[in-house]
Enquirer: 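Take this structure first; my questions come after.
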Amino acid sequence: MGDVSVQLSFDDFAEPAVLTDRYFFALYPPANVASEVAQMTLEQRNAKGLKGKPLQTERFHVTLLHLGDYAEERSDIVSIAVSAANGILSGDFDVGFDRMASFTGKGGKAPLVLQGGAGVQDVIAFQRTLADAIKRTSLHKWAKGSFTPHMTLMYDDRLVPEEAVEPVSWKVQEFALVRSLLNKTQHIVLGRWALGAAS
């Protein structure tokens, strides 16, 4: 049998694409609540001897639905997401977090987060509505899986066990579509949708 040669292209040796853009739907707390969260984070960091850096106050948020990480800006993803969000009809609702704990992280970076019990049930219901809208689009794969409402405060190499904290709550009156520039700690809000008062 003769030798079989394999022709390799330069693509076979190409570096993996560097992911630069992340898209997601989110809830942002009002400025006064975000300031309260920032103060709480500093107090907890000092009390527990953590070394991580708290998130910037304006970046505290609750992720509702992740729409993927990409190696470039994706206007097609944005267009589909905007169209789905335009069809959402929902009243405003309250959200409250009353517990703090660490999630297991990667590379020694465990997220310290706020979580809730009864106070997050309306967020779960709203996220289901949003996910159902995304399921009807070509982005449907991102609408699968479980959803645990939380707000990340900081990352640290130490795990903090769950404990009760002073409740953090606000009335959710809008949700947003966000473009995050990966490794640049920058959020760009691409759109906001108001939630009408429940009748």
Side-chain angles (χ1 to χ4, degrees), residues 22-48 50 52 54-67 81 84-85 87-105 109-135 142-156 158-178 180 187 189 191-199:
R22 170 175 294 165
Y23 296 93
F24 59 92
F25 284 108
L27 304 177
Y28 283 95
N32 63 312
V33 176
S35 294
E36 291 175 12
V37 173
Q39 183 62 35
M40 173 192 291
T41 304
L42 285 175
E43 291 172 357
Q44 293 291 340
R45 178 181 184 271
N46 293 337
K48 292 175 169 51
L50 304 177
L55 266 63
Q56 296 170 352
T57 303
E58 64 272 16
R59 290 184 64 227
F60 290 129
H61 68 280
V62 179
T63 298
L64 293 170
L65 199 62
H66 179 238
L67 299 175
I88 299 292
L89 296 176
S90 172
D92 53 17
F93 55 88
D94 294 319
V95 59
F97 298 98
D98 58 8
R99 299 197 304 273
M100 183 181 70
S102 293
F103 285 165
T104 301
K109 289 188 176 182
L112 180 65
V113 307
L114 290 178
Q115 295 179 279
V120 299
Q121 293 309 304
D122 287 343
V123 177
I124 292 172
F126 177 74
Q127 192 271 350
R128 192 174 301 122
T129 297
L130 180 60
D132 286 344
I134 293 296
K135 284 177 183 176
W142 300 109
K144 299 176 182 177
S146 60
F147 172 62
T148 302
H150 63 278
M151 181 186 295
T152 299
L153 306 176
M154 60 180 290
Y155 294 86
D156 199 83
R158 286 184 53 196
L159 294 177
V160 176
E162 182 177 308
E163 64 179 68
V165 294
E166 189 70 24
V168 172
S169 63
W170 74 92
K171 184 173 289 294
V172 177
Q173 297 180 309
E174 66 176 17
F175 68 104
L177 175 64
V178 182
S180 175
H187 285 182
V189 176
R192 298 179 186 270
W193 289 265
L195 301 176
S199 57

Enquirer: Has Ser169 got a side-chain atom pairing as donor or acceptor with Gly96's backbone, closer than 3.5 angstrom?
Expert: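 No.
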Enquirer: Assert yes or no for the condition that the ring centre distance of Phe175 to His61 is strictly below 6.0 Å.
Expert: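 So the answer is no for these two rings.
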Enquirer: Where do Val33 and Val168 land on the side-chain contact (heavy atoms from CB on, under 4.5 Å) test, with the steps shown first?
Expert: CA-CA 7 Å; Val33 176; Val168 172; 3.7 Å; yes
Enquirer: Kindly determine whether Leu177 and Val189 satisfy side-chain contact (heavy atoms from CB on, under 4.5 Å), including the steps that lead there.
Expert: CA-CA 6 Å; Leu177 175 64; Val189 176; over 6 Å; no
Enquirer: Is the shortest side-chain heavy-atom distance between Val172 and Asp94 below 4.5 Å?
Expert: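 In short, these two side chains do not touch, never coming nearer than 4.5 Å.
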Enquirer: Rounded to the nearest 0.5 Å, how far does CG of Leu112 lie from CZ of Arg45?
Expert: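 That separation rounds to 11.5 Å.
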Enquirer: Is the shortest heavy-atom distance from the side chain of His187 to the side chain of Phe24 under 4.5 Å?
Expert: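 Yes, their side chains come closer than 4.5 Å.
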Enquirer: Evaluate the ring-ring contact (aromatic ring centres under 6.0 Å, His included) criterion for residues His150 and Phe103: first the C-alpha distance (whole Å), next the side-chain angles of each, then the deciding distance (0.1 Å), finally the verdict.
Expert: CA-CA 10 Å; His150 63 278; Phe103 285 165; 5.0 Å; yes
Enquirer: Do you know which two heavy atoms are closest between Ile88 and Ala133, and how far apart they sit?
Expert: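 The pair with the smallest heavy-atom distance is CD1-CB, 3.8 Å.
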Enquirer: Please confirm whether the backbone N or O of Ser35 pairs with a side-chain atom of Gln39, one donor and one acceptor, at under 3.5 Å?
Expert: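 Judged by distance alone, no pair lies under 3.5 Å.
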Enquirer: Please confirm whether the backbone N or O of Leu64 pairs with a side-chain atom of Gln127, one donor and one acceptor, at under 3.5 Å?
Expert: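 Present.
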Enquirer: For a 4.5 angstrom cut-off between non-hydrogen side-chain atoms, does Val160 reach Leu50?
Expert: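 Yes, side chains in contact.
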Enquirer: Using only atom types and a distance under 3.5 Å, with no angle test, would you say the side chain of Asp156 pairs donor to acceptor with the backbone of Gly52?
Expert: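 Side chain of Asp156 to backbone of Gly52: a pair is present.
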Enquirer: Compare all side-chain heavy atoms of Phe147 with those of Ile124 and state whether any distance is below 4.5 angstrom.
Expert: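 Counting from C-beta outward, Phe147 and Ile124 do come under 4.5 Å.
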Enquirer: In Å, rounded to the nearest 0.5 Å, how long is the span from CE of Met100 to OG1 of Thr41?
Expert: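 Interatomic distance, Met100 CE to Thr41 OG1, rounded to 0.5 Å: 8.5 Å.
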Enquirer: Using 0.5 Å steps for rounding, measure from the CG atom of Leu42 to the CE atom of Met154.
Expert: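 Separation between the atoms: 9.0 Å.
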Enquirer: Can a donor-acceptor pair be found, under 3.5 Å and without considering hydrogens, that links the side chain of Arg158 to the backbone of Lys48?
Expert: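 Yes; judged by distance alone, with no hydrogens or angles, the pair exists.
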Enquirer: Name the residue from Asp92, Leu195, Val95 that meets the side-chain contact (heavy atoms from CB on, under 4.5 Å) definition with Lys171.
Expert: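 So, applying the side-chain contact (heavy atoms from CB on, under 4.5 Å) to Lys171 and each of Asp92, Leu195, Val95, only Asp92 qualifies.
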Enquirer: When rounded to the nearest 0.5 angstrom, what distance separates CG in Leu89 from OG1 in Thr129?
Expert: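 Between Leu89 CG and Thr129 OG1, I get 9.5 Å after rounding to 0.5 Å.
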Enquirer: Does a side chain donor of either Tyr23 or His66 reach within less than 3.5 Å of an acceptor in the other side chain?
Expert: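 The answer is no; no qualifying pair exists.
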Enquirer: Do the side chains of Leu153 and Leu55 get nearer than 4.5 Å, heavy atoms only?
Expert: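 Not touching, per the 4.5 Å side-chain cut-off.
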Enquirer: Looking at Phe25 and Ala85, what are the two nearest heavy atoms and their distance?
Expert: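 The answer is CE2-CB, 3.9 Å.
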Enquirer: Show the numbers, then the answer: is there a side-chain contact (heavy atoms from CB on, under 4.5 Å) between Phe97 and Val62?
Expert: CA-CA 11 Å; Phe97 298 98; Val62 179; 3.7 Å; yes
Enquirer: Checking Gln44 against Val165 for the side-chain contact (heavy atoms from CB on, under 4.5 Å) test, could you report, in this order, the C-alpha distance in whole Å, the side-chain angles of both residues, the deciding distance, and whether it holds?
Expert: CA-CA 10 Å; Gln44 293 291 340; Val165 294; 4.2 Å; yes
Enquirer: Is the ring centre of Phe60 less than 6.0 Å from the ring centre of Tyr28?
Expert: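 No, the ring centres sit 6.0 Å or more apart.
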Enquirer: Would you indicate whether the side-chain heavy atoms of Thr148 and Gln115 approach each other to under 4.5 Å?
Expert: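 A side-chain contact exists here, since the closest heavy-atom pair is under 4.5 Å.
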Enquirer: Going by salt bridge (Lys or Arg N to Asp or Glu O under 4.0 Å), Arg99 matches just one of Glu163, Glu166, Glu162. Which one?
Expert: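 Answer after filtering Glu163, Glu166, Glu162: Glu162.
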Enquirer: First locate atom CG of Leu65, then atom CZ of Arg128, and finally report the distance between them rounded to the nearest 0.5 Å.
Expert: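 One finds 13.0 Å between CG of Leu65 and CZ of Arg128.
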